[in-house]
Visitor: 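This is the structure I have questions about; it appears just below.
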Amino acid sequence: MKANVVIIGGGPAGLYTALSVRNHDVLVVEEHKSIGYPKHCAGIVGEYVAKSVAGLSKRIINASYRRIHFLTPMGRVELDFKKPIAYHVERPLLEEVLASRVESLGHRILRGVRAKPGSLQCVKVRGDCLKFDFLVVAEGAGGLFRGFFSRPIKNYLVGLQVVAKTVGLPEDTIVLIYDENSPEFFLHG
Ligand SMILES: Cc1cc2nc3c(=O)[nH]c(=O)nc-3n(C[C@H](O)[C@H](O)[C@H](O)COP(=O)(O)OP(=O)(O)OC[C@H]3O[C@@H](n4cnc5c(N)ncnc54)[C@H](O)[C@@H]3O)c2cc1C
């Protein structure tokens with residue numbers, strides 16, 4: 001097996017990279033069977049990213065926010081803006097749209113296959129050696145390739161994502177809650 005450009009990871013970084021490559025044979029390797037799943041992002045982005053991804057499909061941006069409420073142990077701060085200051089990106093729709101664009105260029109996406117580091121010339125997929133001229137590692141927080149090519153990650157920040165229903169709060173509001181469990185970095189400044 002061979003491809004000019006092998007990209008590890010079918011997240012936004014890997015897919016955007018694949019989109020920008022022309023005149024080369026590109027193969028994206030994604031360990032999950034469905035691109036963008038499991039969903040692992042709250043999808044809040046700033047104006048620049050919102051404008052960039054809205055160019056792919058208007059449906060991708062499905063909410064905007066012009067209020068931020070900070071709830072901190074020191075008190076509550078509410079900021080209101082005239083224009084939206086943050087947007088919500090619909091994921092995994094973002095990845096799905098990117099993937100279909102990538103494939104429409106003739107590039108390939110190998111789904112449901114975990115790549116493993118092999119050598120400086122090939123990566124291992126399903127036990128075979130996949131040769132490449134260029135390798136792009138876009139594995140997200142996963143450190144398999146990062147560990148092989150540079151240094152393994154020693155410490156991860158553990159995060160918890162929950163979906164909460166709010167009552168009596170304007171829909172265009174982001175609420176940031178800081179409590180005694182928040183890292184000190186966020187509490188003092
Ligand atoms: C809980 C949570 C909330 C977040 N909220 C926000 C937010 O509100 N706003 C924001 O901007 N960002 C947010 N992020 C961060 C955002 O999700 C990431 O910055 C973004 O997804 C990074 O894109 P990426 O393509 O680099 O990595 P990823 O999206 O992680 O994609 C990497 C892909 O590589 C695949 N992969 C990894 N290793 C291999 C391998 N060996 N073989 C094959 N495939 C492999 C993975 O399956 C994955 O699909 C959040 C993240 C988390 C975890």
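Ligands are counted one by one from 1 in listed order, and the atoms in each one are counted from 1 as well.
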Visitor: Among protein heavy atoms, which sits nearest to atom 1 (C) of ligand 1, and what does the distance come to when rounded to 0.1 Å?
Guide: Q161 OE1, 2.8 Å

Visitor: Are R59 and E96 close enough for a salt bridge, meaning some N to O gap below 4.0 Å?
Guide: no

Visitor: Mark yes or no for whether S119, through its side chain, and C122, through its backbone, hold a donor-acceptor pair below 3.5 Å.
Guide: yes

Visitor: Nearest protein heavy atom to atom 51 (C) of ligand 1, by residue and atom, and its distance?
Guide: H40 O, 3.1 Å

Visitor: Is the contact between R91 and ligand 1 made by the side chain, the backbone, both, or neither, using heavy atoms and a 4.0 Å cut-off?
Guide: side chain

Visitor: Please write down residue, atom name and distance for the protein heavy atom closest to atom 31 (O) of ligand 1.
Guide: G11 CA, 3.4 Å

Visitor: Could you tell me which atoms of ligand 1, counted from 1 in the order shown, lie closer than 4.0 angstrom to a heavy atom of A42?
Guide: 3 (C), 4 (C), 5 (N), 6 (C), 8 (O)

Visitor: Could you tell me, atom by atom, which parts of ligand 1 come under 4.0 Å of a heavy atom of I44?
Guide: 7 (C), 8 (O), 9 (N), 10 (C), 11 (O)

Visitor: If you have a sec, work out which protein heavy atom is nearest atom 48 (C) of ligand 1 and how many Å separate them, to one decimal?
Guide: E30 OE1, 3.5 Å

Visitor: Side chains of K116 and V123: does their closest heavy-atom pair fall under 4.5 Å?
Guide: no

Visitor: Using modelled atom types only, decide if a donor and an acceptor are shared between the side chain of E139 and the backbone of L144 within a distance under 3.5 Å.
Guide: yes

Visitor: Does the pair K2/D25 count as a salt bridge with the N-to-O cut at 4.0 Å?
Guide: no

Visitor: Between E103 and R101, does any NZ, NE, NH1 or NH2 come within less than 4.0 Å of an OD or OE carboxylate oxygen?
Guide: no

Visitor: Return the closest protein heavy atom for atom 32 (C) of ligand 1 as residue, atom name and distance.
Guide: A138 O, 3.4 Å

Visitor: Check ligand 1 against G140 and write out every atom of the ligand that is under 4.0 Å from a heavy-atom position of the residue.
Guide: 27 (O), 30 (O), 32 (C)

Visitor: Judged by non-hydrogen atoms, does V113 sit under 4.0 Å from ligand 1?
Guide: yes

Visitor: What residue and atom, counting heavy atoms only, is the protein's closest point to atom 12 (N) of ligand 1, and at what distance?
Guide: C41 SG, 3.6 Å

Visitor: Mind checking whether F70 and Y178 have parallel, tilted or perpendicular rings, split at 30° and 60°?
Guide: parallel

Visitor: If we set the cut-off at 4.0 Å for heavy atoms, which region of E31 has an atom near ligand 1: side chain, backbone, both, or neither?
Guide: both

Visitor: Verify the cluster assignment for I109 and V137: are they in a single hydrophobic cluster under the rule of side-chain heavy atoms below 4.5 Å apart?
Guide: no

Visitor: Does some non-hydrogen atom of the protein lie less than 4.0 angstrom from atom 22 (C) of ligand 1?
Guide: no

Visitor: Would one find more than 12 heavy atoms of other residues, nucleotides or ligands at under 6.0 Å from atom NZ of K51?
Guide: no

Visitor: Under 4.0 Å from a heavy atom of R114: which atoms of ligand 1 are those, numbered in the order shown and with their elements?
Guide: 41 (N), 42 (N)

Visitor: Counting from 1, what ligand 1 atoms have a heavy atom of G9 closer than 4.0 Å?
Guide: 33 (C), 34 (O), 35 (C)

Visitor: What do we get for V49 next to ligand 1 when only non-hydrogen atoms under 4.0 Å count, side chain, backbone, both or neither?
Guide: neither

Visitor: Which ligand 1 atoms, with their elements, are less than 4.0 angstrom from a heavy-atom of I8?
Guide: 40 (C), 42 (N)

Visitor: Of all the heavy-atom pairs spanning V28 and A18, show the shortest one and how long it is.
Guide: CG2-CB, 3.8 Å

Visitor: What heavy-atom pair brings G10 and E30 nearest, and what distance separates the two atoms?
Guide: N-OE1, 2.8 Å

Visitor: Please determine whether residues I7 and F148 belong to a single hydrophobic cluster, defined as Ile, Leu, Val, Met, Phe, Trp and Tyr linked transitively by side-chain heavy-atom distances below 4.5 Å.
Guide: no

Visitor: Do ligand 1 and H32 have nitrogen or oxygen atoms that lie under 3.5 Å from each other?
Guide: yes

Visitor: Is there at least one pair of N or O atoms, one from A115 and one from ligand 1, spaced under 3.5 Å apart?
Guide: yes

Visitor: Has ligand 1 got any nitrogen or oxygen that is less than 3.5 angstrom from a nitrogen or oxygen of A13?
Guide: yes

Visitor: Keeping T173 on the side-chain end and L169 on the backbone end, is there a donor-acceptor pair under 3.5 Å?
Guide: no

Visitor: I'd like to check whether G43 has a polar contact with ligand 1, where a contact means an N/O of the residue lying under 3.5 Å from an N/O of the ligand.
Guide: yes

